[in-house]
Every structure is written in structure tokens, then in C-alpha cells.
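Contents: one structure, followed by commentary.
So you know, we letter chains A, B, ... as the sequences are listed, proteins then strands, and number each from 1.
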Amino acid sequence: MLDLTFESPKIKTIAGAKHDWELVIGMEVHAQVSSNSKLFSGASTQFGAEPNSNVAFVDAAMPGMLPVINEFCVEQAVRTGLGLKAEINLFSAFDRKNYFYPDLPQGYQISQLYHPIVGEGEVIVDMEPGIARRVRIERIHLEQDAGKSIHDMDPNMSFVDVNRTGVALMEIVSRPDIRGPEEAAAFVVKLRQILRYLGTCDGNMQSGSMRADVNVSVCLPGQYEKFIETGDFGHLGTRCEIKNMNSMRFIQQAIDVEAKRQIAIIEAGGKVDQETRLYDPDKGETRSMRSKEEAHDYRYFPDPDLLPLEIEQAWVDDIAKTLPELPDEKKARFVKGFNLSEYDASVLTADVDSAGFFEAVAEGRDGKLAANWVINELFGRLKADEKDITSSPITPAQLGGIIDLIKADTISGKIAKDLFEIIYTEGGDPAEVVEARGMKQVTDTGAIEAAVDQIIADNPAQVAKAKENPKLAGWFVGQVMKATGGKANPKAVNQIIAAKLAE
Amino acid sequence: MSIDEQTAARVAKLARIKVEPEALPALAQEFTNILGFIEQLNEVDVEGIEPMTSVTPQRLYRRSDVVTDGDQQEKILKNAPDAREGFFAVPKVVE
């Protein structure tokens, strides 16, 4: 396997009134498993359905109903673990996390506290070419999602929809290896990218398929290194958990304001209380979720309705065989195989569909040229149309055809852009369009010479100036291109003009 | 292990069970008795013995990922004290 080397990013410090402070951040990302039915019931997981229509009696916690596990959800968790190079636990078990809330009919969430299905792994968080943070994953466990409360439909009542209750979530827990707001957002971006490659979570943050809890603490420079050496959390500051973040921008803002809040408390001689907080983007502040504190006594115990989940190594091996090429490997292969810059390779591998499109274009062609066309022309054009790569009007074969025509000197780079626009909007075979519309580059030196002679004859003053200052020859090139409708081969034009002016 | 009245009141609150203050001493004593009874198990040496998770040699039963249930809004809401427009309606709970 190919690997790109990288260095750790610089640690961001925040200046307090007295000294500089460092941040220590750990994350818990809840990723909804892409499945048709729920973790323990046969009800649909479809988003946006009629309220309380995707609900089985198990989800509504009717007396006597028993949970039956969805094997596909287990497979997706294992696949995710393998994708994060994590250890897979052949023995795992489910526990009840007890708390009272209207959108949790059971009065407990079935989760995996003591024996999670996935153990230690890692995510390489890319910051810029050659710079990345290795963030260790502590565990991934399977658990049920809760329902949804709507508070704005009635002044005195909350309305509860339990459609989402019981949908399978993977809670992905990182070690406190993240050292700044940008790294935290980049961690979520990278995790989402990997999950999408794996197909285990759609990563849609708007619809709530991915949400993050962020644990933030601050410490003086040097303390984190002591923590890493000893594993003793005593070297770090007291952390606060900011719940339920669903945008990269808010994650960064929340960490920033929370760190500053903690620094102000400590520098004023106070003590940070370990608590759960909510970020309010309108006010730009975090505030305590007191109700959550009271309920924090979850009284976990093994769920007596479910036997331990025992899986076989052979099954895990079979899943491993179906793993796709992951972002890091694909990026390294693009850099080495297609001779791309790491930056271009990152852009092209950001999602698996773009990567596939590029590869189809680049196969057997100049990789760099293909990358330029995909990134600059195609992505730019798609963005302007608010389309994504899967709905691109131009196919890899068509774009490849345009590149072939450039490479064969059949069309100039400028004409190629016009051709791209035609194929993009009207479709067709690039070679045929070039033929039919007379877009071929004029390489016939006789024709170019005639055009050059004409322009020289018409502009004696410009000729005189250009003879003194050869840089002005560019003006003639422009005139010739104009006269030939951009179809003249620029290389030939340059040579002929240089020769004629030197006469 | 002895359970005091404060702990009993806390457990009742977490479970959302209303207990009148005068009932707390008896409740706490009952908890203490139950836990004391269970604590006798600590006398058994279980060193090196795997915890028993089931009395039958059974593997956790698994379903395939198929939608087989749901689409019964009316039944789901039937026992709700208050339901409106397809939702359970509950006293306002807001963070």
C-alpha cells in the first residue's frame, strides 16, 4: 500500500490575559447507519416520513415487545471499524442507558458501554498538503437513536415524533488528540469522507445523519505532552462537553468561545465545572444544560433482552475483502500514479464519485491535464450550475475526447474551452463536433503566414515598435488569433511572427 | 450496602415515580434489605469463571435488513393521553 508522509500541524494557542493556553479536544461523532430498517425493529428508517408512521411496537416500547438485532447494522459497524483500521471485537454486548425524556419511549437507550463492537483505530486528519494530525479512535459502539421533539407548534405543548427512535447509530469516540478548532472540523470532514467511501453512513449533517459532541479543555503548554507520556488526565484541564453540533462552522465557533470562557474562569482564579453545554450560534456563547446534569446518572446495566453479540473472524474477514480503496490510499495512488500534486489529489478524492470520474477521464491519458480539466473546468462549471458530479451533463468519455483533441493538436486550448461548453450544454461526440463546426486548429503554416503578412502590411507603426521591443510581438499574436477565429495553432503563430518581425 | 432516604428519593426521581416523604424511610429500608440479600453472592468465589449470559446455548438471533413493520400511526398514538396532528403532545419540554 502506498502512503504519503506527513508532519503534525503546529499547535494552536489562545492568548489569555496572563499566558498562552493550548486546547485539548476529543470528539464523539454519532453517525447514522445507512440501513433500510431500524437496529432492533423492522420499521423503516426513511427520513421525512409522516410523524409516527415509521414506528414498530418495539420502538414505541409497548409492554412485552422484544428487540431483535438487524444483522446489516452490525456489518456496517464492523465495516466502519475496518475502515478506521480498528480492532474488531468478536464479543460485544448491549447495555441500557437509563434516562427520562419524552422522545425516548423505553426510558432507556440500548447502547454498548462495557463491550463495544469496535476498539482502537485511527483517522489521519488532513490539514494541508504534507500536514496532518493522527487522531486515535478509542471505540465505536452501536446504539439506538432517540425521537424528535418539536417545540414551536404549540405555545404550551411539545410535539413528539418517534420515527427516528431506534434507528441505528454508530458512536465514534476519539481520544483527546485534536488540538484546535480547525482540526476538530477537519476531523469531522475526514470521518465523513471515510464513512461515505465505505457506504456505512450518508454523512448528511442537515438531516442529522451525523452529529458531534465536542469535549473541550484548556491547559498550559507542556501539559499535554505530560498527559501523553503518562496517560494521566490530571495533567489536563477540566473538560466541558458541547452537545449536538451539526455544522463544521459551528463546531469551530463553539470550541473557540468555550476555550475562551474556560481561560477567563481559570485566569480569574476560578474553577471550570465539568458539565454539558449547548452552543447558541445566535448569541455566540455556550450555556449549561442543567437538566442534562441531573439526568447524568444513567444507571447502566446489561440489557437482559439481548444476548451478547458474538461474531466470527471469518465473517469479519469476508467484510474486509469487500472494503473499497479508502481516501488516503486513493490520494497516494493519484499522486504517484497520475503525477498529481497532493492538493489536486485531495480535491479529486474528496468524494468517491469525483475520484471515479477523474480516473475514467485520466485512464490512458495525461493525468495532470485530466486533473486540470476536471478540477478547473468541470468542477467550476458544475458549481455554477449547483450540480454535483453524479449529475454531470458531460461524461468522462466526452471530457476524455476533448483532452485527446488537445493532445493531438487538433484544437487549441482556447477552442477546447468553447468545445467543452458546447458538449456540456448540447452533448455530442467532441471529435464530430469539431469536424462539423470547423473548430480545427489551423496548422497550415501557409494560411497562418498569409494572415500574419496581412496584419504586418496593415500596421506599419506597430511593426516598427515591435522591432525595437520584441515583447510587443504579443499584440500580433492576438491579432492573428482574432483573424483566424482562435483556431490558429499558437505555437506556429508565435514562430512565424518572430521570424517575420526579425526580417 | 445501606441506602439512605436521600438516595431513595433520588432513585425515585430518576425513575419518575412519585414518593411521598413519609414513605421514604420504609422504601430506603426495603432497598437496603434487597441489596443486602444480593450482597450474599459476594461470598462466592467466581475467580476465572465466565459470567453466564443465558441458560440456553443460544446465539443472538439476527434479522435481515428489511422493512416489515410500521405504518400504524393510529395504533401507536391510540394510548397517548394527548395526540395531535400525528404527534404525541406532551407538556412543554425545552432546553
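Heavy-atom distances place both the backbone and the side chain of A:Asn70 under 4.5 Å from chain B. For A:Pro308, the parts lying under 4.5 angstrom from a heavy atom of chain B are both the backbone and the side chain. At a 4.5 Å heavy-atom cutoff, the contact between A:Leu39 and chain B is made by backbone atoms alone. B:Val66 touches chain A through its backbone: at least one of N, CA, C or O sits under 4.5 Å from a heavy atom, while the side chain does not. Both the backbone and the side chain of A:Ser35 come within contact range of chain B, judged by heavy atoms closer than 4.5 Å. For A:Phe40, the part lying under 4.5 angstrom from a heavy atom of chain B is the backbone only. Using a 4.5 Å cut-off between heavy atoms, A:Asp154 contacts chain B through both its backbone and its side chain. If you measure heavy-atom distances from A:Val74 to chain B, you find no contacts under 4.5 Å at all.
The distance from the NE2 atom of A:His30 to the CD atom of A:Glu143 is 6.0 Å, given to the nearest 0.5 Å.
Under the 30°/60° scheme for interplanar angles, the aromatic rings of A:Phe159 and B:Phe87 are found to be tilted.
Between chain B and the residues A:Ala49, A:Pro155, A:Ala60, the most heavy-atom pairs under 4.5 angstrom are made by A:Pro155. Per-residue counts of heavy-atom pairs under 4.5 Å with chain A were compared for B:Arg62, B:Arg84, B:Arg63; the largest is that of B:Arg63. Listed options B:Asp71, B:Thr68, B:Val90, B:Val11 were ranked by heavy-atom pairs under 4.5 angstrom with chain A; first place goes to B:Val90. Contact count versus chain B (heavy atoms, under 4.5 Å) is highest, among A:Gly147, A:Ala93, A:Ser44, for A:Ser44. Note on A:Pro51, A:Ser53, A:Pro105: by heavy-atom pairs under 4.5 Å with chain B, the leading option is A:Pro51.
The number of heavy atoms from other shown groups lying within 6.0 Å of CD (A:Gln46) does not exceed 12.
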### Task
Could you go through the salt bridge (Lys or Arg N to Asp or Glu O under 4.0 Å) check for A:Arg277 and A:Glu275 one step at a time?
CA-CA 6 Å; A:Arg277 300 181 70 84; A:Glu275 60 179 357; 2.4 Å; yes
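The interface of residues 73-83 of chain B with chain A, defined by heavy-atom distances below 4.5 Å, comprises B:Gln73, B:Lys75, B:Ile76, B:Leu77, B:Asn79, B:Asp82.
Checked by atom type, the side-chain pair A:Ser158/A:His151 shows a donor-acceptor distance below 3.5 Å. A donor-acceptor contact under 3.5 angstrom links the side chains of A:Thr80 and A:Thr200, judged on distance only.
Residue A:Ala43 comes nearest to B:Val67 through the heavy atom pair C-CG1, 4.4 Å, listed as atom of the first residue, atom of the second, then distance. Nearest approach of A:Val58 to A:Gln106, heavy atoms of both residues: O-OE1, 4.2 Å.
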